[in-house]
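Note that the structure is predicted; figures quoted are calculated from it, not measured.
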Amino acid sequence: MKAVIPIEESVTSKIPRDRKDFLLSDYPLPGDERQRDVQECYRLAYRILQKDNEKRGVPIDAVIAQVLEQFRYTEYEIINVIDDLSPLAENHPMYSRLAYMKRIEYDNLEKINDCYLEIQRRMK
């Protein structure tokens, strides 16, 4: 007969294993206040859009880039946040630039505006 010893969750078990887990978790974001703002917008947009299969062959980050533009983030900030957080950019150094350029290929403005409004609502 074996005894079962309950193991408390350690701090290290709460650390996200990869970028996707990080985006789906509530783990604290690194960086200064402006960086955290753009990162939180990216995280929320990722959560909202990752369930959506209707992206018309455009990477999710291209759609998120359009949403972030609605918040008046600069090209530099958008590319940096994709580099820092996107699961697809982790092993592809030029992915963030490609995703930013491909943003114009997604033309569902209703979806972009819905995501923008939902992020605004959640951040209040």
Side-chain angles (χ1 to χ4, degrees):
M1 193 164 169
K2 293 184 179 181
V4 177
I5 301 171
I7 300 173
E8 284 187 39
E9 275 192 37
S10 68
V11 174
T12 57
S13 68
K14 295 178 184 175
I15 295 173
R17 292 180 309 250
D18 58 24
R19 287 184 180 199
K20 186 173 182 177
D21 285 346
F22 180 74
L23 290 171
L24 299 176
S25 75
D26 291 325
Y27 199 76
L29 295 162
D32 63 28
E33 188 175 338
R34 177 74 177 176
Q35 278 181 306
R36 280 194 307 273
D37 286 346
V38 70
Q39 288 174 340
E40 188 58 36
C41 283
Y42 180 92
R43 179 187 263 177
L44 289 171
Y46 184 86
R47 288 177 183 174
I48 293 165
L49 294 171
Q50 63 104 16
K51 300 172 197 160
D52 178 24
N53 293 329
E54 187 264 315
K55 288 184 266 313
R56 299 182 186 163
V58 177
I60 188 172
D61 294 305
V63 181
I64 292 172
Q66 282 196 346
V67 174
L68 294 178
E69 283 183 324
Q70 297 289 313
F71 284 98
R72 305 275 188 247
Y73 291 116
T74 66
E75 175 182 348
Y76 176 78
E77 289 171 315
I78 294 168
I79 289 172
N80 281 341
V81 77
I82 292 171
D83 268 344
D84 292 343
L85 299 181
S86 174
L88 299 172
E90 195 163 17
N91 297 315
H92 301 95
M94 294 304 290
Y95 173 79
S96 58
R97 288 210 169 277
L98 177 65
Y100 186 78
M101 289 186 308
K102 284 193 157 277
R103 78 194 186 289
I104 58 175
E105 294 178 16
Y106 187 76
D107 59 357
N108 188 341
L109 297 178
E110 184 179 339
K111 178 84 55 194
I112 293 164
N113 288 332
D114 288 348
C115 185
Y116 170 73
L117 293 172
E118 179 64 19
I119 291 170
Q120 278 189 319
R121 187 186 65 74
R122 289 186 189 186
M123 291 183 84
K124 285 184 181 179

> So which pairs with a foot in residues 37-46 pass side-chain hydrogen bond (donor to acceptor under 3.5 Å, both in side chains), sequence neighbours left out?
Replying inline: Tyr42-Asp61

> In terms of hydrophobic clusters joined by side-chain contacts under 4.5 Å, are Met94 and Ile64 together?
Replying inline: no

> Taking a hydrophobic cluster as the set of Ile, Leu, Val, Met, Phe, Trp and Tyr residues connected by side-chain heavy atoms closer than 4.5 Å, whether directly or through intermediates, do Ile48 and Leu117 fall within one such cluster?
Replying inline: yes

> If you measure from the Lys or Arg side-chain nitrogens to the Asp or Glu carboxylate oxygens, is any gap between Arg36 and Glu33 under 4.0 Å?
Replying inline: no

> Are Ile79 and Ile60 linked, directly or through other ILVMFWY residues, by side chains that come within less than 4.5 angstrom of each other?
Replying inline: yes

> Looking only at heavy atoms, what is the nearest atom pair of Ala62 and Arg103, with distance?
Replying inline: O-CB, 3.2 Å

>> According to a hydrophobic-cluster definition based on side-chain heavy atoms being under 4.5 Å apart (Ile, Leu, Val, Met, Phe, Trp, Tyr only), do Tyr95 and Val67 belong together?
In response: yes

>> For a quick test of reading the model, state the closest non-hydrogen atom pair linking Arg47 to Gln50 and the distance between them.
In response: O-CG, 3.6 Å

>> My understanding is that only residues two or more places apart in sequence, or in another chain, count here; which of them pass ring-ring contact (aromatic ring centres under 6.0 Å, His included) with Tyr116?
In response: Phe71

>> If hydrophobic clusters are built by linking Ile, Leu, Val, Met, Phe, Trp and Tyr wherever their side-chain heavy atoms come under 4.5 Å apart, do Leu85 and Met123 end up in the same one?
In response: yes

>> I'd like to check Asp114 versus Glu110 (side-chain heavy atoms, cut-off strictly below 4.5 Å). Are they in contact?
In response: yes

> For the residue pair Glu77 and Val38, what are the closest heavy atoms and their distance?
Replying inline: O-CG2, 4.4 Å

